[in-house]
Amino acid sequence: MYNIVLFGPPGAGKGTQSEKLIEKYSLTHLSTGDLFRKHLGEGTELGQLAKKYMNEGRLVPDEVVIGMVEDKINETTDAKGFIFDGFPRTTAQAEALDQMLSKHNLEISGMIALDVPEEVLRLRIKERGKTSNRVDDQDDEKINTRIKVYLDETLPVSDYYAAQGKLQKINGVGEIDKIFSDITSVIDSY
């Protein structure tokens with residue numbers, strides 16, 4: 001079973017590569033954004049709890065997010081593995097994820113970090129903004145803020161997995177298929 005954290009800044013190509021990895025390895029996509037929409041839409045207990053924090057303008061606590069992740073793992077008993085997309089975003093979330101997974105006799109196989117220079121990220125996000133209708137992909141200030149938040153708050157998660165010997169950096173610039181091949185070489189070595 002492969003449990004992979006696909007990691008990188010906004011515009012690194014995580015979404016593109018996730019789709020290809022899911023198809024090749026029959027992994028279950030685990031996106032916290034999708035989980036939030038599901039729980040909020042279905043009005044689950046976790047969704048109602050998350051909504052309460054969101055309505056107060058507060059971040060949803062890690063234990064609620066981990067609860068949603070655990071719920072997804074519990075309901076996907078036939079999974080060949082999971083690809084964690086956009087999660088964990090903090091070292092505290094990574095620690096909580098590891099603790100929760102160990103209760104299920106699971107662990108993260110590895111973190112694959114797509115390495116892309118900031119100037120390339122900005123160009124990719126702006127290009128994506130032309131077709132995605134995402135307002136935050138079209139505003140330079142918002143793009144800069146998203147990259148800064150990633151560097152300040154999310155990038156330290158890679159140190160957490162590096163300390164476990166689970167971090168593998170991949171050059172995220174070049175042909176999509178070449179990047180995919182580099183990623184699959186890492187996964188096949190697990």
Side-chain angles (χ1 to χ4, degrees), residues 1-12 14-15 17-18 21-22 27-79 81-114 121 125 132 134-137 139 141-167:
M1 178 179 264
Y2 298 119
N3 294 308
I4 299 157
V5 175
L6 189 59
F7 193 73
K14 296 182 302 293
Q17 295 299 334
S18 281
L21 292 169
I22 289 163
L27 299 174
T28 298
H29 188 238
L30 218 155
S31 155
T32 51
D34 292 346
L35 292 176
F36 270 81
R37 284 184 285 280
K38 173 190 182 293
H39 283 272
L40 290 169
E42 293 176 4
T44 66
E45 188 176 324
L46 287 168
Q48 290 173 9
L49 192 54
K51 186 175 184 176
K52 175 181 173 283
Y53 285 99
M54 294 163 74
N55 286 344
E56 294 170 359
R58 297 166 49 204
L59 289 175
V60 177
D62 290 346
E63 58 268 16
V64 176
V65 179
I66 290 291
M68 290 180 180
V69 171
E70 186 169 23
D71 182 66
K72 177 70 172 180
I73 289 171
N74 285 335
E75 72 182 28
T76 319
T77 54
D78 61 341
F82 294 90
I83 186 158
F84 294 87
D85 180 4
F87 183 80
R89 290 183 189 257
T90 65
T91 301
Q93 286 181 350
E95 291 168 351
L97 177 62
D98 277 355
Q99 290 172 2
M100 183 273 293
L101 288 173
S102 71
K103 290 188 332 193
H104 298 277
N105 295 316
L106 299 171
E107 67 176 1
I108 294 298
S109 306
M111 170 187 269
I112 298 173
L114 296 173
L121 296 173
I125 294 169
S132 72
R134 286 178 50 175
V135 177
D136 58 338
D137 281 353
D139 182 297
E141 189 175 322
K142 288 180 181 175
I143 292 169
N144 290 335
T145 299
R146 288 169 60 204
I147 292 171
K148 182 175 178 1
V149 167
Y150 169 81
L151 293 172
D152 294 347
E153 298 175 22
T154 307
L155 187 58
V157 176
S158 65
D159 295 333
Y160 174 80
Y161 288 107
Q164 296 178 19
K166 294 182 177 180
L167 172 65

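Just so it is clear, the structure is predicted and the values come from calculations on it, not from any experiment. Residue indices begin at 1 and follow the sequence shown.
To the nearest 0.5 Å, atoms CG (Asn74) and CE (Met100) are separated by 8.0 Å. A distance of 11.5 Å separates OG in Ser31 from CZ in Phe84, rounded to the nearest 0.5 Å. Here the CG atom belonging to Asp98 is positioned 13.0 Å from the NZ atom belonging to Lys103, to the nearest 0.5 angstrom. Rounded to the nearest 0.5 Å, atoms CD1 (Ile83) and OG (Ser109) are 11.0 Å apart. Taken from CG in Leu46 to CG in Leu40, the straight-line distance is 10.0 Å, to the nearest 0.5 Å. Here CE of Met111 is found 4.5 Å from CZ of Phe7. Values are rounded to the nearest 0.5 Å.
When all heavy atoms are compared, the tightest approach of Asp85 to Ser18 is OD2-OG, 3.7 Å. Residues Ala92 and Asp62 approach most closely at CB-OD2, 3.7 Å, considering heavy atoms. Taking all atoms of both residues into account, the shortest heavy-atom contact from Pro9 to Leu121 is CG-CD1, 3.4 Å. When every heavy atom of Val157 is checked against every heavy atom of Ala94, the shortest pair comes out as CG1-CB, 4.2 Å. Taking all atoms of both residues into account, the shortest heavy-atom contact from Pro10 to Ile125 is O-CD1, 3.4 Å.
Side-chain contact check for Gln93 versus Thr90: some heavy-atom pair is nearer than 4.5 Å. The shortest distance between side-chain heavy atoms of Lys72 and Leu35 falls below 4.5 Å. Using a 4.5 Å heavy-atom cutoff, the side chains of Leu27 and Phe82 are not in contact. Considering only heavy atoms from C-beta on, Thr145 stays 4.5 Å or farther from Ile143 through its side chain. Side-chain atoms of Phe36 and Val65, non-hydrogen and from C-beta on, do get closer than 4.5 Å to each other. Side-chain contact between Gln17 and Leu6 is present, with heavy atoms from C-beta onward closer than 4.5 Å. Contact check for Asp34 versus Met68: no side-chain heavy atoms found under the 4.5 Å cut-off. Taking the side chain as every heavy atom from C-beta outward, Ile108 and Ile4 never approach each other to under 4.5 Å.
Residue Glu141 places its CD atom among 12 or fewer non-hydrogen atoms of other residues, nucleotides or ligands, all under 6.0 Å distant. Counting non-hydrogen atoms of neighbouring residues, nucleotides and ligands closer than 6.0 angstrom, the CD atom of Glu63 exceeds 12 such neighbours. Within a 6.0 Å radius of CZ in Arg89, other residues, nucleotides and ligands contribute 12 heavy atoms or fewer. Residue Lys51 qualifies as open at atom NZ: its count of foreign heavy atoms under 6.0 Å is 12 or below.
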Using the side-chain contact (heavy atoms from CB on, under 4.5 Å) rule, take Asp78 and Thr76 through it: C-alpha gap first, then chi angles, then the decisive distance, then the call. CA-CA 6 Å; Asp78 61 341; Thr76 319; 4.0 Å; yes

Would Asp137 and Arg146 satisfy salt bridge (Lys or Arg N to Asp or Glu O under 4.0 Å), going step by step from the backbone distance to the final call? CA-CA 10 Å; Asp137 281 353; Arg146 288 169 60 204; 2.8 Å; yes

Does the pair Phe87 and Ile66 meet the rule for a side-chain contact (heavy atoms from CB on, under 4.5 Å), with working shown? CA-CA 10 Å; Phe87 183 80; Ile66 290 291; 3.6 Å; yes

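Between the side chain of Ser102 and the backbone N or O of Asn105 there is no donor-acceptor pair closer than 3.5 Å. Checking side-chain atoms of Lys14 against main-chain N and O of Gly8 turns up a donor-acceptor pair under 3.5 Å.
Under the 3.5 Å distance criterion, with hydrogens and angles disregarded, a donor-acceptor pair is assigned to the side chains of Glu70 and His104.
Salt-bridge annotation for Lys148 and Glu153: absent, with no side-chain N of the basic residue lying under 4.0 Å from a carboxylate O of the acidic one.
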